[in-house]
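Since the structure comes first, as structure tokens, the remarks are kept for the end.
All figures in this text were calculated on a predicted structure; none of them were measured in a lab. Atoms within each ligand, like the ligands themselves, are counted from 1 in listed order.
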Amino acid sequence: MILYSTKNPQLKANLEEAVFRSLPSDNGLYMPEYIPKVSTQFLEGIEHLSFNEIAFEVSKTLLNDDISKADIQMIVDRAFDFDAPVVPIEENIHCLELFHGPSMAFKDFGARFMASLMSYFLVRSQKEIRILVATSGDTGGAVAQGFHNVPGISVTILYPSGKVSDIQEKQLTTLGGNVTALEVDGTFDDCQALVKQAFLDAELTQKYNLASANSINISRLIPQSFYYFRAYAQVKHLGLPVVFSVPSGNLGNLSAGILAYKMGLPVEHFVTTTNRNNVVPNYLETGVYNPVPSIETVSNAMDVGNPSNFVRLTRFFGDEWEQVKEVVSGFWFNDDQTKAAMRDVYEREGYLMCPHTAVAYLGLKEYMNLTKKDLTGVFLSTAHYAKFLNVVEEALGSADVEIPARLSELLNKTKVATPMSTRFEDFKDYLLS
Ligand SMILES: *Cc1c(COP(=O)(O)O)cnc(C)c1O
């Protein structure tokens with residue numbers, strides 16, 4: 001796989017370079033130079049394949065120039081011991097549950113595959129890697145779980161003190177081993193600034209192989225395409241064109257869906273659904289991209305005013321707005337609508353959705369009502385509702401709901417975190433010591 005920078009098509013990298021650098025030196029994004037198609041045979045028999053079989057086939061199509069088949073199999077099987085089931089909710093409306101991984105959010109797919117791929121490259125090159133991640137919640141948990149006990153890699157997670165939920169904090173601070181948590185006396189932006197500065201510091205970069213695990217890394221994008229294929233496999237027998245509604249923030253999830261589509265997955269249409277941070281629905285409507293500061297909502301993992309994967313999304317369509325619009329529609333909903341949907345679907349169907357998932361549900365309903373075509377609608381559930389109990393309580397008037405053992409056990413564990421100021425010198429001393 002050859003990748004190029006969205007800012008300069010001449011600036012190229014191979015897979016290994018793109019995975020360890022995350023970003024090209026000109027601060028563009030890595031894009032595959034060529035997107036291969038999956039075989040028609042694969043699509044014809046896809047309903048008989050497991051998640052890992054599908055992940056293997058899609059990976060092989062993308063990565064066969066870089067990695068042998070046997071190694072791709074090993075990388076896939078080490079990454080995934082969980083599935084992405086589709087469950088029916090209402091007539092023609094299905095939910096793709098992406099929360100069956102270790103941190104109970106869809107970011108597990110990206111983080112686990114990235115860890116597995118990095119560790120494959122490391123074993124061959126004997127490098128030691130130190131990963132630095134700033135998190136506002138979900139990313140940190142998925143990355144911590146993804147890299148826990150991976151040999152040759154240590155992980156330092158920076159999170160803003162008092163600004164992540166109890167469950168999220170426990171996910172970051174209770175693993176131990178090669179995962180260390182720094183509780184920063186500041187905001188998420190402060191955490192991110194510390195990480196950015198570390199990558200620019202000569203002394204640190206000389207002493208360590210620093211790597212980032214952020215969401216624009218190509219090795220997080222690739223595995224997110226697998227579950228679109230897996231979803232298609234499960235609804236194919238219904239015989240109707242398929243529409244996906246994706247709850248969107250930084251657009252990594254949607255971009256991965258477009259990657260699957262460009263590889264030949266039969267998808268009728270995508271819906272990108274946001275909360276009040278609606279720059280992407282506005283762009284789809286007007287053709288004008290107008291990034292703004294983010295605003296706080298109940299679906300806070302989607303509070304993004306300038307999505308980092310926006311450039312990737314448009315590049316898939318040659319940066320032509322008309323082309324993007326052919327395949328992607330955008331809708332947005334406010335917090336009251338989101339909570340009402342959580343309550344409504346729970347009362348009618350007995351199915352409880354996290355706030356992000358509820359936003360995707362609303363976008364799908366809106367699209368299906370507008371088009372009036374016979375379609376199979378699939379909305380993506382990006383996290384388990386129990387990670388957002390405060391919002392569940394606001395929506396239902398009570399949080400007296402079942403909490404999966406994996407999360408309730410966490411709450412009894414003891415947090416281990418090192419307090420950290422927002423001064424770079426303190427962070428640097430910590431890293432050097
Ligand atoms: C990260 C996240 C999103 C947004 O996904 P993007 O790929 O950034 O668009 C949606 N829901 C949840 C629960 C998340 O953690």
Seminar exercise, completed: With heavy atoms and a 4.0 Å threshold, my read on which part of L251 contacts ligand 1 is backbone
Seminar exercise, completed: min-distance protein heavy atom vs atom 13 (C) of ligand 1 -> T382 OG1, 3.3 Å
For this session: Using a strict cut-off of 4.0 Å, indicate which atoms of ligand 1 neighbour a heavy atom of A383.
Result: 13 (C)
Exercise. If you measure every N/O of G249 against every N/O of ligand 1, is any gap under 3.5 Å?
Worked result: yes
Exercise. Numbering the atoms of ligand 1 from 1, which are under 4.0 Å from a heavy atom of M302?
Worked result: 10 (C)
Problem set entry | Test: K60 and E57 ion pair at under 4.0 Å | yes
Problem set entry | Side chains of K7 and P24 in contact at under 4.5 Å (non-hydrogen atoms) | no
Exercise. How far is atom 1 (C) of ligand 1 from its nearest protein heavy atom, and which residue and atom name does that atom have?
Worked result: K107 NZ, 1.4 Å
Problem set entry | Aromatic ring proximity Y261/F316, centre distance under 6.0 Å | no
Exercise. Could a heavy atom of S248 be found less than 4.0 Å from some atom of ligand 1?
Worked result: yes
Exercise. For H356 and ligand 1, does the shortest N/O to N/O distance drop below 3.5 Å?
Worked result: no
Problem set entry | Near-ring test H100/F82, centroid separation under 6.0 angstrom | no
Exercise. What atoms of ligand 1 come within less than 4.0 Å of a heavy atom belonging to N253?
Worked result: 7 (O)
Exercise. With a 3.5 Å cut-off and no angle check, do the side chains of S22 and N217 form a donor-acceptor pair?
Worked result: yes
Exercise. When the aromatic ring centroids of Y346 and Y385 are compared, is their separation below 6.0 Å?
Worked result: no
Exercise. So which bit of A105 gets within less than 4.0 Å of ligand 1, heavy atoms only: side chain, backbone, both or neither?
Worked result: neither
Exercise. Does atom CG of D185 have more than 12 heavy-atom neighbours from other groups under 6.0 Å away?
Worked result: no
For this session: Consider every N or O of G252 and every N or O of ligand 1, then say whether any pair is closer than 3.5 Å.
Result: yes
Exercise. Looking at F317, is K262 sitting on its ring face, NZ or CZ under 6.0 Å from the six-membered ring centre and within 45 degrees of the normal?
Worked result: yes
Problem set entry | atom 5 (O) of ligand 1: nearest protein contact (heavy atom, Å) | F106 CZ, 3.4 Å
Exercise. Parallel, tilted or perpendicular: which fits the ring planes of F229 and F42, with parallel below 30° and perpendicular above 60°?
Worked result: tilted
Exercise. At what distance is the nearest protein heavy atom to atom 8 (O) of ligand 1, and which residue and atom is it?
Worked result: N250 N, 2.8 Å
Exercise. In ligand 1, which numbered atoms sit nearer than 4.0 Å to a non-hydrogen atom of P247?
Worked result: 4 (C), 10 (C)
